[in-house]
Protein chains: 2
Amino acid sequence: MPTGVDAAALTGRPGLRLTGPRRAVLEAVAAAATPFTAEELAQSLPGVGRATVFRTIRLLQDLDILCRVPLEDGSIRYQLSRGDHHHHLVCSQCGAVGEFDDPELDRLIQRNARRAGFTLASHSLELYGSCRACSPGRG
Amino acid sequence: MPTGVDAAALTGRPGLRLTGPRRAVLEAVAAAATPFTAEELAQSLPGVGRATVFRTIRLLQDLDILCRVPLEDGSIRYQLSRGDHHHHLVCSQCGAVGEFDDPELDRLIQRNARRAGFTLASHSLELYGSCRACSPGRG
DNA sequence: ATCTTTGCAAAGCTTTTGCAAGCTT
DNA sequence: AAGCTTGCAAAAGCTTTGCAAAGAT
């Protein structure tokens with residue numbers, strides 16, 4: 001398992017076909033060092049039609065292979081999803097995006113929803129700031 | 001104080017002018033019962049230029065008068081901001097958006113950031129589900 | 001053989017921009 | 001008077017769609 005995703009992600013799904021373009025997108029996505037925009041992905045794959053890139057991004061999101069990362073400025077980037085449920089740590093300096101999960105945090109979120117008489121279906125949490133490498137050494 | 005915002009929000013800010021169009025947008029925003037899209041706001045103000053509506057939305061966001069509410073499907077709505085720091089409870093059924101704040105939650109978020117070696121600048125948390133009115137009675 | 005997927009180009013949305021005219025202070 | 005703001009219309013992003021050809025199982 002080189003990167004965690006490969007063609008197998010699409011094989012075996014009834015009604016889904018593993019095609020050249022999809023394989024190419026999958027490889028590019030798996031190889032990406034940092035989160036990318038749809039535009040960047042499309043540009044890195046000149047041989048794949050633009051529409052196909054967008055369609056595949058959507059497909060991979062539905063399959064939980066790719067996750068959408070909303071930046072602070074409202075733009076959207078994508079990153080290979082490394083876990084089921086998680087949150088993002090977005091570095092405003094270098095663009096790196098880390099993931100984390102915290103059951104306690106989720107519990108607290110659930111509690112707030114309940115308090116408001118809200119039946120929670122899902123939630124999204126993004127943290128923005130500077131990653132370790134980009135943070136000024138504080139002491 | 002009828003709704004919490006009025007022309008005063010723009011008066012007194014050096015370099016900012018209180019114009020008819022802005023007054024109109026401000027009133028529409030204050031009167032809105034539910035979160036709205038830029039498109040809806042523009043349509044409700046036929047007398048105000050589209051560009052002005054967008055520019056004013058941005059201005060009001062910068063002034064913390066309006067807050068951006070990202071929906072689950074990626075679309076954006078806006079709502080009068082009722083507090084400084086807060087999170088959203090978005091009802092997928094009726095579209096209502098509530099706000100809440102929880103210092104404990106923020107502390108936990110801060111802790112997760114620190115653990116990851118992250119210097120936190122800001123964060124955004126949106127909860128999606130069904131509000132009390134739209135939730136099926138459970139028991 | 002059947003049903004899915006692709007690519008292209010056009011169409012769709014949403015938001016921004018340039019600039020002269022019009023307001024506010 | 002000085003300079004912020006408006007409106008229009010064009011331009012700019014970004015994403016989706018229609019459809020015939022190509023591909024996968």
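- One can place CG of A:Leu41 at 11 Å from P of D:dT15, the figure rounded to the nearest angstrom.
- The local environment of CZ in B:Arg115 is crowded, with over 12 non-hydrogen atoms from other residues, nucleotides or ligands closer than 6.0 Å.
- Taking atom CZ of B:Arg50 as the reference point, atom P of C:dT14 lies 8 Å away to the nearest angstrom.
- The separation between B:Phe54 atom CZ and C:dT17 atom P is 12 Å, rounded to whole Å.
- One interatomic measurement links the two molecules: CD of A:Glu39 to P of D:dT16, which rounds to 14 Å at whole-angstrom precision.
- B:Leu45 has its CG atom 13 Å from the P atom of D:dC8, to the nearest Å.
- Minimum atom distance to the side chain of B:Thr19 is reached by D:dT5, of the listed C:dG7, D:dT5, C:dT4.
- Phosphate proximity of D:dC14 to A:Thr37: absent, as no side-chain N or O sits under 4.0 Å from OP1 or OP2.
- Across all strands, B:Gly74 comes closer than 4.0 Å to no nucleic acid atom at all (heavy-atom distances).
- Taking every side-chain heavy atom of B:Arg55 into account, D:dC8 is the closest of D:dG3, C:dT5, D:dC8.
- Between D:dG7 and B:Thr52, a contact under 4.0 Å exists linking OP1 or OP2 to a side-chain N or O.
- In summary, the side chains of A:Thr119 and B:Ser130 do not present any donor paired with an acceptor at a separation below 3.5 Å, with no hydrogens or angles considered.
- Between B:Ala51 and B:Leu18, the residue anchored nearer the 5' end of DNA chain D, judged by the nucleotide with its closest heavy atom, is B:Leu18.
- Of the possible donor and acceptor atoms, one in the side chain of A:Arg22 sits under 3.5 Å from a partner among the backbone N and O of A:Arg17.
- The closest side-chain donor-acceptor pair between A:His87 and A:Asp102, if any, does not fall under 3.5 angstrom.
- Following rounding to the nearest Å, A:Leu10 (CG) and C:dT5 (C1') show an atom-to-atom distance of 12 Å.
- OP1 or OP2 of D:dT16 has at least one side-chain nitrogen or oxygen of A:Arg58 nearer than 4.0 Å.
- Nearest nucleotide to the side chain of B:Arg17, out of C:dT15, C:dC23, D:dA24: C:dC23.
- In this model, no side-chain donor or acceptor of A:Arg22 finds a partner on the base of D:dG23 within 3.5 Å.
- A side-chain donor-acceptor contact under 3.5 Å links B:Arg77 to the backbone of B:Pro35.
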